[in-house]
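Quick notes on the structure that follows.
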Amino acid sequence: MEKQNLEAYRHTAAHVMAQAVKRVYSDVKLGIGPAIEEGFYYDFDLEERINPEDLKRIEEEMQKIIKEDLPLEKEILTKEEAYKLLKEEKEDYKLELLEELEPEEEVSIYKQGDFFDLCKGPHLESTGQLKAFKLLSIAGAYWRGDEKNKMLQRIYGTAFPNKKELKQYLFRLEEAKKRDHRKIGKELDLFSMHEEGPGFPFLHPSGVAIWNELTRYWRELHRANGYQEIRTPLILNEDLWHQSGHWDNYRENMYFTRIDEDNYAIRPMNCPGGVLIYKSRPHSYREFPMRITELGLVHRHELSGVLHGLLRVRSFHIDDAHIYMLPDQITEEVLGVIHLAEEIYNTFGLKYRLELSTRPEKSMGSDEDWDRAEKALAAALEKRGLPYQLNEGDGAFYGPKIDFHIEDCLGRSWQLGTIQLDFQLPQRFDLTYVGADGQEHRPVLLHRALFGALERFLGIIIEHFAGAFPTWLAPVQVRFIPIGENHVEYSQKLSRELEKEGIRAEVDDRDEKVGYKIRQAQKEKIPYMLAIGDREMESEEVSIRHRQKGEAGQMDFSRFKGQILKEVREREIESFLEKE
RNA sequence: GCCGGCGUAGCUCAAUUGGCAGAGCGGCUGAAUCGUAAUCAGCAGGUUGGGGGUUCGAUUCCCUCCGUCGGCUCCA
């Protein structure tokens, strides 16, 4: 089914659901009920609480409506007529929507049996054409998405042209849940969360092994691209945050503390600390562009309801960088950052989407500065011919930004990298450089992150690889499986040889059967399992088993060593076995 | 923060209408010495998320707090 038709199909399902809800409950007021990416929802205002068990009742009622095969009839009304009708039905929310239409505009409503809805359409011709649907969940949702408004009850559902496709979709959902990073994180012993620190992740040894590979890669890449790394404190005097503007614009997300008689803040961002280093000595235009990175830990007080495994936490490491530069270096630097971002995401095989966000309501600086910054970012994107989505009013309080977004296993979108222009901090901290003319000037400042938050990035790649990390990232890269106890010592010798080369290898020397050890290594998603028995000791070969490919035959140990070292060094996503 | 669901052993989950809290996996001990996804036996393991209430008696019913899950809002 084409996208447009599917939308009409699901939108009709939303209407049928609304009709069913109105039949099952009394005193229901309708909010909005659109088709969405993977289904539809409808918002309702009613006293009674809809329970998960009630979904069945509503679904049954929907079945009846489908069986009744009610035609959907479009009627064009004047605004006045529509107003009268909605007033009679006490559809207060629909009335609010109606008010916003142009006075002379005509309005369409869609009717099916005793149900009607203010709606542009299009729809199916009749409710009988709905073949497969399912109600999935209930959630609270503020009217018009504004937390000052009343919270309505939203029912999410999905609908497909036939039962088979619906079944496939539900199966896909189940499969996706299996790669949830919270589940895999527990299974592979990568990280944990504790009541004692909601939103503050704990990384276990295996998680740190991955972390260290990520940061090693990150440092190599930045060194090669002209960045210098710094480190600044987590806690700084509150005055600094007044000066930076965070106190005015970001206070509710910050944690505060006292040292002796003074007020201090735990940093929610790295920039002010970095700025102090910049200010520690005078600078010349000849140093520009000056690319300074900091893998900085920040703490932000996020609302309790939004915490989500590693993807949304209260303390995280930003792979920050601040680039100080001349105004005419902006485009080139932005392009350079975009290029780096692409390199990183390609290394992991991640697909992303770009967004450009402009000035928000709560922000500082002049319109001219904002305008200039927004145009500079857009220019860079257009120069590269990159498609992007424009988010009006979604920028940071100090400047507009380009964001890199990625989807998790359930299709939820998360921001990774970001590029933000900032004309504010240089002013607020009176940053200067000496130009070719011998005079002091104001540098342009660009903030950027590529992983975004390392914690989030880790969560994303856990889901992306479903725990089966490329060899260079795998916490354990090789596990030796001695067949019997007289093969243990030889296995240990080989293992040490790999370990000397930096490979994370280990020997399963437990007194267990081979099948048992293999099963365990498979479950741990270790890339290479090497079985060692009499045959191998004799021939100086290893029997390779790969987690995805299964048994892969024999190979000289020295050859295996060379291959895995190459695979790791080149940070390959695929095993060298796939390339043979 | 708001709306709704959930919280039982390290993990996954049981426990009839309120009546002594149980299984598998994992762990420990012992036996078996084994060639590509689970060898067998025994043992240990719990203030049923915390606090309060109703009751002769609460894992079960009520209140409250915490955490967590799905959304909303907000952001890397």
Side-chain angles (χ1 to χ4, degrees), chain A residues 41 43 49-54 136-156 177 180 182-183 186-187 189 192-199 250 252-253 268-270 298 300-320 357 360 362 394 396-397 401 403-406 410 412 414-418 420 447-457 459-460 481-487 511-523 529-536 543-547 550-552:
Chain A
Y41 69 80
D43 289 343
R49 293 290 142 203
I50 303 172
N51 282 312
E53 303 92 71
D54 298 339
L136 298 171
S137 62
I138 306 160
Y142 299 107
W143 168 239
R144 319 211 86 177
D146 188 334
E147 61 183 334
K148 290 183 205 82
N149 290 337
K150 182 164 184 184
M151 183 162 269
L152 309 179
Q153 299 186 69
R154 173 174 299 177
I155 301 180
Y156 282 94
K177 280 185 196 154
D180 190 310
R182 292 166 298 190
K183 184 172 152 64
K186 199 180 275 181
E187 286 166 357
D189 197 21
S192 57
M193 296 299 220
H194 301 272
E195 279 197 26
E196 290 81 353
Y250 209 70
E252 56 288 5
N253 284 297
M269 296 186 195
N270 302 310
V298 299
R300 298 183 184 175
H301 181 252
E302 301 294 343
L303 295 178
S304 59
V306 307
L307 301 178
H308 183 97
L310 291 177
L311 299 185
R312 190 65 187 277
V313 290
R314 283 179 172 155
S315 78
F316 54 100
H317 293 74
I318 301 178
D319 64 319
D320 233 324
S357 299
K362 198 174 179 183
D394 232 10
F397 66 82
K401 54 179 191 164
D403 292 327
F404 296 81
H405 286 254
I406 195 154
L410 290 175
R412 290 173 292 213
W414 298 92
Q415 182 183 322
L416 291 185
T418 181
Q420 314 181 340
H447 311 247
R448 52 111 272 200
L450 304 176
F451 286 140
L454 253 104
E455 286 77 356
R456 175 176 291 179
F457 193 80
I460 288 289
I481 315 274
I483 306 295
E485 66 185 335
N486 47 337
H487 308 120
D511 207 3
E512 290 289 351
K513 290 167 73 169
V514 176
Y516 181 85
K517 295 181 188 178
I518 294 283
R519 176 178 160 81
Q520 213 137 83
Q522 283 287 154
K523 287 181 76 173
M529 290 155 266
L530 302 182
I532 304 292
D534 291 336
R535 292 205 297 270
E536 288 74 16
S543 288
I544 304 175
R545 182 189 170 95
H546 183 260
R547 66 181 169 208
E551 287 190 66

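Computed from a predicted structure; not experimentally measured.
- The side chain of A:Tyr156 lies closest to B:G71 when the candidates are B:C69, B:C2, B:G71.
- The gap from the C1' atom of B:C61 to that of B:U48 amounts to 16 Å, rounded to the nearest Å.
- Between the CG atom of A:Leu303 and the P atom of B:C3 there is a distance of 13 Å, given to the nearest Å.
- A:Asp320 pairs by the salt bridge (Lys or Arg N to Asp or Glu O under 4.0 Å) definition with nothing, not counting sequence neighbours.
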What does the list of N/O pairs under 3.5 Å between the protein and nucleotides 4-10 of chain B look like, with a distance for each?
{"residue": "B:G4", "atom": "OP1", "partner": "A:Arg49", "partner atom": "NE", "Å": "3.4"}

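- Nearest heavy-atom pair across A:Asp403 and A:Ser357 is OD2-OG, 4.1 Å.
- RNA chain B lies under 4.0 Å from at least one heavy atom of each of the following residues of residues 307-316 of chain A: A:Leu307, A:His308, A:Arg312, A:Val313, A:Phe316.
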Given pairs defined as Watson-Crick or G-U wobble with both distances under 3.5 Å, what dot-bracket annotation applies to RNA chain B, with ( ) intrastrand, [ ] crossing, | other strand and . unpaired?
(((((((..((((.....[..)))).(((((.......))))).....(((((..]....))))))))))))....
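- For A:Val306, whose side chain is taken as the heavy atoms from C-beta onward, the closest listed nucleotide among B:C72, B:A76, B:G70 is B:C72.
- Residues passing the side chain to side chain donor-acceptor pair (under 3.5 Å) test with A:Arg154 are A:Asp43, A:Tyr156, sequence neighbours excluded.
- Summarising the geometry, the separation between CD on A:Glu302 and C1' on B:C74 is reported as 7 Å, rounded to the nearest angstrom.
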Can you give one letter per nucleotide of nucleotides 35-43 of chain B, going 5' to 3': B for a protein heavy atom under 4.0 Å from the base, S for sugar-phosphate only, - for none?
BBBBB----
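- Taking only side-chain atoms of A:Pro198, from C-beta outward, the nucleotide of B:G1, B:U68, B:C2 with the closest atom is B:U68.
- The distance from atom CG of A:Asn253 to atom P of B:C74 is 12 Å, rounded to the nearest whole Å.
- Between the CE atom of A:Met151 and the P atom of B:C74 there is a distance of 12 Å, given to the nearest Å.
- Remark: P of B:C11 and CE of A:Met193 are 16 Å apart, rounded to the nearest angstrom.
- Under a 3.5 Å cut-off, the side chain of A:Lys517 and the backbone N or O of A:Ile483 do not form any donor-acceptor pair.
- Rounded to whole Å, the separation between the P atoms of B:A41 and B:G46 comes to 24 Å.
- A donor-acceptor pair is defined here as one N or O able to donate and one able to accept, closer than 3.5 Å; no such pair exists between the side chain of A:His546 and the backbone of A:Met529.
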